[in-house]
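We name chains A, B, ... by the order of the sequence lines, and we start the count at 1 in each one.
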Amino acid sequence: MPLRPGPVYEEILRAASSVPRGRLTTFGEIARALGDYRAAKAVAEVISIMGRAYGVPWHRVVSSRGEILRGAEDPLREEGVAAQGGRVADLARRLVEAGELEARPILAEMRRAQRILAERVILEDEVERPELVAGADVAYRWERDEEGLPVEVARGAVVVVDADLRVVDGSIQTSPAVMPYVPTYLGFREFPALARALSRLSFDVVMMDGHGIAHPVFFGEASHVGVCLDVPALGVAKRRLVGKVRGEELIYMTRQVGWALPVRPEGRPVYVSPGHKVSLEGSARIFKKFRGGTRVPAPVRLAHKLAQFPKPGEGRPGETSSL
DNA sequence: GCGACAG
DNA sequence: ATCTTGTCGC
Ligand SMILES: [Mg+2]
């Protein structure tokens, strides 16, 4: 099995490759073998898109209810596994459990790294009155490399705005995605695409499209980027990842990890949390000052727009691109 | 079938 | 995140 992509993609494909002929496993079992059941959907995506091209027995990986991937019926029947109505009947008897799969618990290792790095998070304001705020976001797209193998490409964009919300600088970086999206590991997925762009720009604080400490181990994307680049950072998310809302406070594990700030009279709130070198109060202050008139704050909204892959024929010159 | 877990 | 057209309203 050729191993071109990052280690998480590799481990998923390797686990699938360890399922013998005539046996089956599930997306969830592979996810558990990697160390976190949350990765089940990512496993399904990777197996269905990359499985065939990488020569792994993709047809032997099914959902927990026995539902097979499109086109898997024929190759399964060829090895004696019957599928009726898009699902196998004897999953339990043929199942290869997580413990028997060949895979390294890479997600568990990543979780340990998050816990250690989380100790370095500082929840105090480094800059009292930020004047230049960077917004960062990443867009994704599946492509095929020169050899025709499926690869997910990340396009990270950073925009810097001043107090009047005018764009004063920006940067774009395109690179292969290092891992699929798995809830609670977003920082690992997006950091590589953003690091280079962020390090060549000047700003007081970076606003991320995601959470800061409002995370299971208090290390969301904004904390990840903030700590690893040692820059002030906060997270702004459209949806909640953890915690309960009490008034405008977002509470998790008995402590406040952020805010659920109203933007429209009856509209859904925006979740704001400190990432690094920004206080709870500071995060709300920065959000309000740099939001502009839309629900998603200007820096993040502009970065989101800049990150989008240009339509064929509208490519912009001057972009920094690298492998 | 429902709830749910950022992007 | 991505797949995707038009439509409604400020
Ligand atoms: Mg995003």
> What are the bounds, 5' to 3', of the part of DNA chain C that sits under 4.0 Å from heavy atoms of chain A?
Replying inline: dA1(C) to dT2(C)

What residues, two or more places apart in sequence or in another chain, satisfy side chain to side chain donor-acceptor pair (under 3.5 Å) together with [X]?
X: Asp169(A); answer: none
X: Arg141(A); answer: Glu143(A)
X: Gln114(A); answer: Arg111(A)

> ring pair (Phe, Tyr, Trp, His ring centres under 6.0 Å) with Phe218(A): which residues, sequence neighbours excluded?
Replying inline: Tyr252(A)

For residues 204-215 of chain A, which side-chain N or O atoms pair as donor and acceptor with protein atoms under 3.5 Å away, sequence neighbours left out?
unit_1	atom_1	unit_2	atom_2	d
Asp204(A)	OD2	Glu131(A)	N	2.8
Asp204(A)	OD2	Leu132(A)	N	2.9
Asp209(A)	OD1	Lys238(A)	NZ	3.1
His211(A)	NE2	Arg239(A)	O	2.8
His211(A)	NE2	Leu241(A)	N	3.4
His215(A)	ND1	Val217(A)	N	3.0
His215(A)	ND1	Phe219(A)	N	3.3
His215(A)	NE2	Thr184(A)	O	2.8

> For DNA chain C, which ranges pair as stems of 3 or more consecutive Watson-Crick or G-U pairs, with both donor-acceptor distances under 3.5 Å?
Replying inline: none

> So, for Ala233(A) and Ala222(A), which heavy atoms are closest and what is the spacing to 0.1 Å?
Replying inline: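 Minimum heavy-atom separation between Ala233(A) and Ala222(A): CB-O, 3.3 Å.
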
> Dot-bracket for DNA chain B, 5' to 3', counting Watson-Crick or G-U wobble pairs under 3.5 Å, with [ ] for crossing pairs and | for inter-strand pairs?
Replying inline: .......

Whole Å only: how far is the [atom1] atom of [X] from the [atom2] atom of [N]?
X: Tyr252(A); N: dA6(B); atom1: OH; atom2: P; result: 14 Å
X: Arg65(A); N: dC2(B); atom1: CZ; atom2: P; result: 13 Å
X: Arg189(A); N: dG7(B); atom1: CZ; atom2: P; result: 13 Å

> Residues in side chain to side chain contact (heavy atoms under 4.5 Å, CB included) with Glu128(A), at least two apart?
Replying inline: Asp125(A), Arg285(A)

> What residues in residues 214-235 of chain A put a non-hydrogen atom under 4.0 Å from any atom of DNA chain B?
Replying inline: His215(A), Gly220(A), Glu221(A)

Does this structure show an ion pair linking [X] with [Y], if we count only N-O contacts that are shorter than 4.0 Å?
X: Lys305(A); Y: Asp137(A); value: no
X: Glu152(A); Y: Arg189(A); value: yes
X: Glu11(A); Y: Arg14(A); value: yes

> Which of parallel (below 30°), tilted (30 to 60°) and perpendicular (above 60°) describes His224(A) and Phe191(A)?
Replying inline: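 Answer is tilted, since the angle falls between 30° and 60°.
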
>> Under 4.5 Å side-chain heavy-atom separation, chaining through any Ile, Leu, Val, Met, Phe, Trp or Tyr, what else clusters with Ile251(A)? Say none if it is isolated.
In response: none

>> Does Glu124(A) have more than 12 heavy atoms from other residues, nucleotides or ligands lying within 6.0 Å of its CD?
In response: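 Counting neighbours around CD of Glu124(A), 12 or fewer heavy atoms of other residues, nucleotides or ligands fall under 6.0 Å, so no.
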
> If you draw a 6.0 Å radius around CZ in Arg21(A), do more than 12 non-hydrogen atoms from other residues or ligands fall strictly inside?
Replying inline: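 It does: Arg21(A) CZ has more than 12 such atoms within range.
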
Mind listing the N/O atom pairs, protein and nucleotides 3-5 of chain B, below 3.5 Å?
unit_1	atom_1	unit_2	atom_2	d
dC5(B)	OP2	Arg240(A)	NH2	3.0

> Checking Arg77(A) side chain against Ala83(A) main chain: does a donor-acceptor pair fall under 3.5 Å?
Replying inline: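 Here the side-chain-to-backbone pair does not exist.
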
